[in-house]
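Only one structure is covered here, and it is reproduced in the block below.
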Protein chains: 2
Amino acid sequence: MSQSFALENVEVSLSPQQRFEEFLRSRGKRNTPQRRLILDQVFARHDHFDAEDLLAHLRESGVAGKVSRASLYRTLKQFVDAGLLRQMNLGGRAIYEHDYGYPQHDHLHCQKCEKLIEFSSDEVKSIREAVAREHQFRAQGHRLIIFGVCSACARPKRQKRPLDLV
Amino acid sequence: MSQSFALENVEVSLSPQQRFEEFLRSRGKRNTPQRRLILDQVFARHDHFDAEDLLAHLRESGVAGKVSRASLYRTLKQFVDAGLLRQMNLGGRAIYEHDYGYPQHDHLHCQKCEKLIEFSSDEVKSIREAVAREHQFRAQGHRLIIFGVCSACARPKRQKRPLDLV
DNA sequence: ATTTATGCAAATCCTTTGCAAATCT
DNA sequence: AGATTTGCAAAGGATTTGCATAAAT
């Protein structure tokens, strides 16, 4: 599967696998069944996950090969270096999401259901530019998380309870 | 020492200690020498710190009393609940800074020297409002971190080396 | 042959928790 | 006395690391 997005002024048209291959090649590293397996799993769906989620998923989804915890952590780090994944810190652990071929965005974080909701705002990027300029700061990226309560959790849905008590 | 800031539409004029006293009283909790000691230390300077930094500081500064690691962690959490400190996650650990009596702001984070530089932008807050409205999200706060390289670290200052090699 | 990667278990870092002793009210 | 707090040490969760073995070049 091949995509085509304008990402950071570069036209991208390689699959994550191809992109990773190139990254590895350029550094004299090797691709392995484990790395391929993890990358497939990671790009099978677009969502947010942490290392332990993914490990559990890899294990229960009864995939052919298996991957050790150590290799998984080592590999995720490389995906970030390769620009495939974006990492953020939330509640003491690392959360990952697609970066490669995926447009820039930020998040709303519901404190009740822990859901992460994506949004994009061009203004954020322009604030970033302006602030960086003011401080002579060479900005390379940013993370904006707005936390609060999502619409679903805010909706006061009454507790489920036995009918005879209603 | 008493300050006076307009914070979230409420005129504030209590010292952190007084504010904490009230917080504790309102919850039937007690103030203790340890808590007072930590709070003094925390509000002695305006900077960013993590629990272990502070613990080391409390210990080396040969203060009269001492505080256990457990009490320190427990107390920091309460300062956050009391609205005295604001917490953020960075690089796998919790970073704290003054919240009470201190204006809202965000940060530039230098990836080289790890410094946190504060900035404030009214636009950030208005983006937050707009986005929240769009998503019917009840926003309670946000964290914006712009990461990159600060001006000091960007300045190519040459390596120090023996004179006879220059 | 030589380098790189894997898996396991141990180690580490940050933070929390159980519990008995100490301290308030 | 009754509730809250402390300190210590042990437990926990997430992530990293040392090292011997396995796989790739």
Side-chain angles (χ1 to χ4, degrees), chain A residues 17 20-42 48-59 63-82 85-97 114, chain B residues 17 20-42 48-59 63-82 85-97 114:
Chain A
Q17 290 287 0
F20 192 47
E21 285 281 357
E22 285 214 348
F23 171 81
L24 291 171
R25 203 161 22 234
S26 77
R27 302 200 170 193
K29 304 287 176 178
R30 302 165 187 164
N31 205 351
T32 65
Q34 288 85 343
R35 289 173 180 174
R36 266 186 280 267
L37 184 64
I38 298 171
L39 188 46
D40 277 341
Q41 200 64 218
V42 159
H48 305 90
F49 61 92
D50 67 26
E52 295 296 322
D53 287 343
L54 179 55
L55 185 64
H57 205 268
L58 280 166
R59 285 176 173 174
V63 205
K66 32 178 168 187
V67 178
S68 70
R69 170 172 281 110
S71 290
L72 177 58
Y73 275 91
R74 284 188 279 236
T75 300
L76 285 173
K77 197 167 293 178
Q78 294 185 88
F79 288 173
V80 172
D81 286 349
L85 292 183
R86 185 180 304 158
Q87 184 190 26
M88 68 185 132
N89 281 93
L90 209 58
R93 65 202 195 297
I95 303 291
Y96 300 89
E97 64 175 1
E114 297 281 284
Chain B
Q17 290 286 1
F20 192 46
E21 284 282 357
E22 286 215 348
F23 170 81
L24 291 171
R25 203 159 23 235
S26 77
R27 302 200 171 194
K29 305 288 176 178
R30 301 166 186 164
N31 204 351
T32 66
Q34 288 85 342
R35 288 172 179 174
R36 266 186 281 268
L37 184 64
I38 298 172
L39 188 47
D40 277 343
Q41 200 65 219
V42 159
H48 304 90
F49 61 92
D50 67 26
E52 295 297 322
D53 287 343
L54 179 55
L55 185 64
H57 206 267
L58 280 166
R59 286 178 174 174
V63 204
K66 35 181 163 174
V67 179
S68 69
R69 170 171 281 111
S71 290
L72 176 59
Y73 275 90
R74 284 187 279 235
T75 300
L76 284 174
K77 196 167 296 179
Q78 295 184 89
F79 289 173
V80 173
D81 286 350
L85 292 183
R86 184 180 303 158
Q87 184 188 28
M88 68 186 134
N89 281 93
L90 209 58
R93 64 201 195 298
I95 303 291
Y96 300 90
E97 63 176 2
E114 297 280 285

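What you see is a predicted model, and the numbers here were worked out from it, not measured in a lab. Letters A, B, ... are given to chains in the order of the sequence lines, protein chains preceding strands, and every chain is numbered from 1.
Using a 4.0 Å heavy-atom criterion, one finds that B:R35 contacts the sugar-phosphate atoms exclusively. A:E52 comes within 4.0 angstrom of a nucleotide base, judged by non-hydrogen atoms across all strands.
From B:T75, atom OG1 reaches atom CG of B:D81 across 11.5 Å, with rounding to the nearest 0.5 Å. Separation of atoms OH (A:Y96) and NZ (A:K77) is listed at 7.5 Å; rounding is to 0.5 Å.
When side chains are defined from C-beta on, A:F79 counts as touching A:I38, because their heavy atoms get closer than 4.5 Å.
The CZ-C1' distance, from B:F20 to D:dT5, rounds to 12 Å in whole Å. What separates CG of A:L58 from P of C:dT6 is a distance of 13 Å, to the nearest Å. Whole-Å rounding puts the A:L54 CG to D:dT15 P distance at 12 Å. Rounding to whole angstrom units, CG of residue B:L90 and C1' of D:dA14 are separated by 17 Å. Distance CG (A:L24) to P (D:dA24): 14 Å, rounded to an integer number of Å. In this structure, CG of B:L55 is placed 12 Å from P of C:dC14, rounded to the nearest angstrom. A:Y96 has its OH atom 12 Å from the P atom of D:dA14, to the nearest Å. Distance, A:K66 NZ to C:dC8 P: 7 Å, rounded to whole Å.
Of the candidate nucleotides C:dT4, D:dA14, C:dA9, C:dA9 has the atom nearest to the side chain of A:A70. Set against C:dT15, C:dC8, D:dT6, the side chain of A:R74 has C:dC8 as its closest nucleotide.
Toward the 5' end of DNA chain C, the nearer of the two residues B:N31 and B:Y73, judged by each one's closest nucleotide, is B:Y73. Between B:L72 and B:R27, it is B:R27 whose nearest contact on DNA chain D lies nearer the 5' terminus. The residue among A:P33 and B:K77 whose nearest nucleotide of DNA chain C lies closer to the 5′ end is A:P33.
A:E21 has no carboxylate O lying under 4.0 Å from a charged side-chain N of A:R35, or vice versa, which leaves the two without a salt bridge.
Scanning atom types as modelled, one donor and one acceptor separated by under 3.5 angstrom connect the side chain of B:R30 and the base of C:dC24.
Dashed line: the shortest gap from a side-chain N or O of A:S71 to OP1 or OP2 of C:dG7 is under 4.0 Å. Here A:Q34 does not reach the OP1 or OP2 of D:dA23: none of its side-chain N or O atoms lies under 4.0 Å away. At the phosphate of C:dC24, neither OP1 nor OP2 sits under 4.0 Å from any side-chain N or O atom of B:T32.
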side-chain contact (heavy atoms from CB on, under 4.5 Å) evaluation trace for A:R36 with A:Q17: CA-CA 7 Å; A:R36 266 186 280 267; A:Q17 290 287 0; 3.6 Å; yes
